[in-house]
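Structure first, commentary second.
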Amino acid sequence: MSDVAPQLPKAYEPSAVEADLYADWERAGLFHAEPDASGEPFSIVIPPPNVTGSLHVGHALDNTIQDVIVRRERMRGKNAVWIPGTDHAGIATQMVVEKQLAAEGLTRHDLGREAFLERVWAWREESGGTILRQLRVLGCSPDWEREAFTFDEQRNRAVTKVFVDWYAQGLIYRGTRLINWDPALRTALSDIEVEHREITGELVHFRYPLVDGDGASDADGGIVVATTRVETMLGDTAIAVHPDDERYRHLVGRSVRHPFVEREIPIIADDYVDPAFGSGAVKITPAHDPNDHAIGERHGLAMLDVMDDAGAMSEAAGPFAGLDRFAARAAVKEALDGLGLLVEVKDHVHPVGHSQRSGVIVEPRLSDQWFVAVRSLAERAAEAVRDGLVTFVPERSARSFLEWLDGLHDWCISRQLWWGHRIPAWYGPDGELRVQAEQPEGEGWVQDEDVLDTWFSSQLWPFTAFGWPDATPELARWYPTSTLVTGYDINTFWVSRMLMAGLAFTDEVPFRVVHNHGLVRDEHGKKMSKSFGNVIDPLDLVEAYGADATRFALLRNAAPGIDVPLAEEWVEGAKRFVNKLWNAARFTISNLDGQRPGALPPEERRTLEDRWLLDALAAMHAEVDTAYDAYDWPVVARGIYRFVWDEFADWYLEAVKDRIYGDDVEAQRDARAVLAHVLEMTLRLAAPLLPFVTEAAWRPLTGSAGGAASLMAADWPEAAGQVNADARSRFAIVQGLVREVHRFRSQLRIAPSVRIELDVEPADATARAVLAEHAGLVRSLAGLGRLDVVDALPERAGSSSIVFPSGRASVPLEGVIDLEAEAARLRTERERALADVARLDAKLANEGFVSRAPADVVAKEREKRAAAERAVDELTARLAAFGVDA
RNA sequence: GGGCACGUAGCUCAGUGGGAGAGCGCUGCCUUCACACGGCAGAGGUCAGAGGUUCGAUACCUCUCGUGCCCACCA
């Protein structure tokens, strides 16, 4: 090794360099962008994580992808910005603080609204920013000078404006609707905050006695209904049957008597009822079931709310008042049984809505809330997707997205919480309602108690992050954003709302591309969760294996829209690759003798391995460029991996050693030029993915002192023009022979120290030319003492032969091998070759194949057949030479 | 109930209408001067199953089975 070799450590130590490199980039302002800088604009806004949260693998994946994209766009000369920020995360954050209070034996009501909010802000001060700091250790490069928060003053103004404007346009309204109620959190939820889970419940059949029934006939015995939530019968205000149902037609218009409360209930006819389900008669509870509610509206039924906000039965539930809804379920069933009205109880599996946040079963409840009328907004959003103004990667995401938009119901945006944007609605002393930014003049105005769904503010993020509603230079420059990177799981929660709001307030789509990645799971595809004990902390990974390895391991399996399996040992594998790259760079740099990357040697002075490597580099470059553009991370990762490890390190570095260590000065200089060029290109192409190790190698390679001369600020390489495909096939001849010699040695247990000698008989003129010209290369790669290219292999006792794709060779063995073992091996090989011949013969005898298959395919098969036959002959002869029968 | 994705080596995944590949793991040999976080070689697969299209299907079509996910107001 040259003595000018910089002192590069033998093993790459991420922890020793990452923090310094990151600080250097940041100091040099490489993350920062100005709107008036040159270059085509490119922008990404971070999906803002919960301000009080901490980094999990999902964040690591999402942000690594964004970082890779933005780093590459910067290198491509774009005026690229990545806006960081956090979300106040309404319910989630409030719950955390409430839990803290509970540990002190307090509830938020003990503190009161104002003190509680102070407490949340204090928690935000304490824990806020942690998650963004953690992004730094991953190497993420957002513009830290532009950090935003969904609940800061700027974003507050935006939220208020949107609410006031939409109200004025009739797109926000207040109304009494059946909403999803979370009895644990005591707040309304939107439809998508409800998760449906299959539950085995009971389908309870019971009988309502008819009013004025005489009990003499079956019909007068009453009418049987079925329900899974029998406690809701306390709020029944009708029984519905299908109008065509012969069984019940005569009962329509009569009434039944409620067994527990003083009420007569009419029997009505409605098309909604399915005569085939249950008894064909449905109890109608308009205040507690969406279908029943619709029927109630059609028939003008009373809407009787029989529960309170905690899910206990209210006064309206008569004798069951005060019981929790589930206790009431059991009690009502028992009471019905006591009255002889219980007919049948069957197990029944059905989906039940659960609160995404608290996990409790959601109660449909009639309630006064604020809504966004989504119809027109959703239609406009769908149109933008159909028109291709927004595209999805993977494309199929668009279809489910459109279907979802199509079935959208109005969005319930009010929450009975305290942490969030307070609704800008004011109630006057005489009951007047005003929606406006400021408290109205005069006495007695009271602001609405509720806050907005957290997604209400995050839907504005792509433009509020740039300062909207102010007309900022940033907004003009970088909005609409370029790409939104997010898991497919929040397309409905967030992406759809951003699209609707963006179109409504900016007349533009908020992003041109939505790149959906999958969810990070464990190595068997199982969801990571604390209870399974399979959670991986990305910070642990970075600490143990480095940021590059963590990034590489994540992206290596992150195909668009597909869940990403991750195991710690795979990150370890990624670290080995990083180390491989480091050592290939270290070897290269150490042998350059101060020579810097520059012009390649002229065509005529390039060796076969030079031309082969440059061709391989060009192929990798093209593949990786395309894959970067398509957000196809596994292909990017594999392309770089394969080139670095298999082609550059395993073959080229071995092949180049003769020239590097030799005394032909010009050859040495040429070899160094190719080495330096290829390493430099490789570092650039890998830089977005592996920012640290590439930067660490770039500096000694180029003599850069970092800062503004960092790899991070270097240009993205232009695609190489000409590739020499010829080199690939010629080098393959060399590789074919070298591999066979290795195999031969391994099979015959010939120690590497034994320099074997070879007579080679090439199969054709090309192989002859290549092997004659590059005998030295083959000798050094295969560890040969001698290589002679001959017209015909010499007949020699005690020699064995090697068959390789472009010819055969003979090796004098001088009794160093086990003849028995070799003969057995030859026999097996010969049998295999015979089977090949038979198979290919059968195929070529098939007229359909010969006449219909493309000519080149048939020719290929014929060649294979000829080769197999030659192999049989060869092996037969070799066995004979061993004095053994085939 | 509707929809989407997926079943290829022990594990995680590539792949193409012409007898299947990689990484990890496993086995053997190698302290070869960039790397033992390494090198070379090897074992291991009826490409989920059944039909169909085709001269030929792991690949295209249909069905079945299995897995995962999303959506959903039939009591």
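Throughout, protein chains are lettered first and strands after them, A, B, ... in sequence-line order, and every chain is numbered starting at 1. The structure presented is a predicted model; accordingly, all values stated were derived computationally and were not measured.
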Open item on the list: Of the listed nucleotides (rA75(B), rA34(B), rG23(B)), which one gets closest to any side-chain atom of Tyr641(A)?
Closed with: rG23(B)
Task: rG39(B) phosphate, OP1 or OP2, under 4.0 Å from Lys580(A) side-chain N/O - done: yes
Open item on the list: Of the listed nucleotides (rG18(B), rU12(B), rC37(B)), which one gets closest to any side-chain atom of Ala11(A)?
Closed with: rC37(B)
Task: Between rG18(B) (P) and Asp841(A) (CG): distance, integer Å - done: 21 Å
Task: Among rG23(B), rG38(B), rG18(B), the one nearest Arg556(A) by side-chain distance - done: rG23(B)
Task: Candidates rG19(B), rG3(B), rA14(B) - which lies nearest the side chain of Arg638(A) - done: rA14(B)
Task: Nucleotide nearest Thr492(A) (side chain, heavy atoms from C-beta), chosen from rC71(B), rA75(B), rG28(B) - done: rC71(B)
TODO: Can you tell me the distance, in whole Å, between the CG atom of Asn579(A) and the P atom of rC24(B)?
DONE: 14 Å
TODO: Using a heavy-atom cut-off of under 4.0 Å over every strand shown, decide if Arg229(A) touches base, sugar-phosphate, or nothing.
DONE: nothing
Open item on the list: Between Arg586(A) and Asn583(A), do the side chains contain a donor N or O and an acceptor N or O under 3.5 Å apart?
Closed with: yes
TODO: Give the intermediate values and the outcome of side-chain contact (heavy atoms from CB on, under 4.5 Å) for residues Phe371(A) and Ile179(A).
DONE: CA-CA 10 Å; Phe371(A) 296 87; Ile179(A) 47 82; 3.5 Å; yes
Task: Side chain of His348(A) (C-beta onward), nearest among rA75(B), rC11(B), rG19(B) - done: rA75(B)
TODO: Keeping the roles fixed (side chain from Asp271(A), backbone from Pro243(A)), state whether a donor-acceptor pair exists under 3.5 Å.
DONE: no
